[in-house]
Amino acid sequence: MKILFVADEESKIIWDFFRKEDYEDIDLIISCGDLKPEYLSFLATMVSVPVLYIRGNHDDQYDRFPPDGCVCIEDKIYTFQGIRILGLGGSYRYRPGKNQYTEKQMEKRVRRLFFKLKKSKGIDILVTHSPARGFHDGEDLPHRGFEVFNRLVKTYHPRYFVHGHVHMNYGRQFPREDIMGQTRVVNAFERYIIEV
């Protein structure tokens with residue numbers, strides 16, 4: 001199964017130079033946040049596969065204009081062809097606004113998922129907007145990762161932990177891929193394809 005992950009910046013290759021034949025082998029699209037709802041609706045229409053999404057810290061408009069034809073997986077375990085996908089959007093709180101959380105607030109969201117995680121016997125893919133604390137994150141509040149994501153990975157050992165939020169074009173040396181224990185960690189900035 002091939003999954004196209006998108007995050008943070010609308011890809012010109014996809015939006016401006018779309019060719020349907022380039023996406024014939026894609027089975028699923030997952031957004032890690034901070035993308036225009038029109039972009040996700042475009043993907044759902046043009047690629048004709050399910051498009052799942054979580055919210056980034058800049059996705060307040062989704063309340064008024066949710067992406068058409070897409071499925072929000074915030075605080076849910078969504079199963080697609082046997083692959084269990086958990087979605088947790090938002091960033092570390094650095095100013096007032098929606099889709100920003102303190103560490104305690106994110107921990108509370110994760111605690112509420114305990115019975116769902118137990119029922120599903122874990123997860124295969126953890127999809128977040130922010131990275132884990134100390135792993136692909138920054139020291140500044142806007143780009144700080146969540147410690148609770150480290151615990152989720154250590155407890156449930158998903159095959160993949162895919163996030164956005166830290167842009168590859170910031171000029172920092174953020175890695176695209178990494179390994180955390182048995183989990184492959186991927187920064188989905190702009191677009192990235194994973195074969196599961």
Could you walk me through whether Glu139 and Arg133 pass salt bridge (Lys or Arg N to Asp or Glu O under 4.0 Å), step by step? CA-CA 9 Å; Glu139 287 302 315; Arg133 181 74 179 128; 3.6 Å; yes

Rounded to the nearest 0.5 Å, the NE2 atom of His129 sits from the CD atom of Gln100 at a distance of 9.5 Å

Are the side chain of Arg176 and the backbone N or O of Asn187 linked by a donor-acceptor pair below 3.5 Å? yes

Classify the ring geometry between His165 and His143 as parallel (under 30°), tilted (30 to 60°) or perpendicular (over 60°). tilted

Lys/Arg-Asp/Glu bridge criterion (N-O < 4.0 Å) met for Glu38, Lys36: no

Which atom names give the shortest non-hydrogen contact between Phe80 and Pro50, and what distance separates them? CE1-CG, 3.7 Å

Can you tell me if Asp59 uses its side chain to pair, donor with acceptor, with the backbone of Asp34 under 3.5 Å? yes

Lys2 and Asp25: CA distance, side-chain angles, deciding distance, salt bridge (Lys or Arg N to Asp or Glu O under 4.0 Å) verdict: CA-CA 7 Å; Lys2 277 192 177 178; Asp25 59 347; 2.7 Å; yes

Both conditions, 6.0 Å and 45 degrees, for the charged tip of Arg84 above the ring of Tyr78: are they met here? no

Classify the angle between the aromatic ring planes of Phe18 and Phe42 as parallel (below 30°), tilted (30 to 60°) or perpendicular (above 60°). perpendicular

Quick one: do Tyr94 and Asn57 satisfy side-chain hydrogen bond (donor to acceptor under 3.5 Å, both in side chains)? Show the steps, please. CA-CA 10 Å; Tyr94 59 93; Asn57 53 304; 3.0 Å; yes

Find the distance between CG (Leu28) and CD1 (Ile83) and round it off to the nearest 0.5 Å. 9.5 Å

Decide, yes or no, whether a salt bridge links Arg151 with Glu107 under the criterion of side-chain N to carboxylate O below 4.0 Å. yes

Is it the case that Arg144 places NZ or CZ above or below the six-membered ring of Tyr92, under 6.0 angstrom from the centre and within 45 degrees of the axis? yes

Asp63/Arg55 under salt bridge (Lys or Arg N to Asp or Glu O under 4.0 Å): CA gap, chis, key distance, verdict: CA-CA 10 Å; Asp63 290 340; Arg55 291 179 172 96; 3.4 Å; yes

Looking only at heavy atoms, what is the nearest atom pair of Ile123 and Leu117, with distance? CG2-CD2, 3.8 Å

Tell me if the NZ atom of Lys20 is crowded by more than 12 foreign heavy atoms within 6.0 Å. yes

Which heavy atom in Phe189 sits nearest to a heavy atom in Val166, and how many Å separate them? CB-O, 4.5 Å

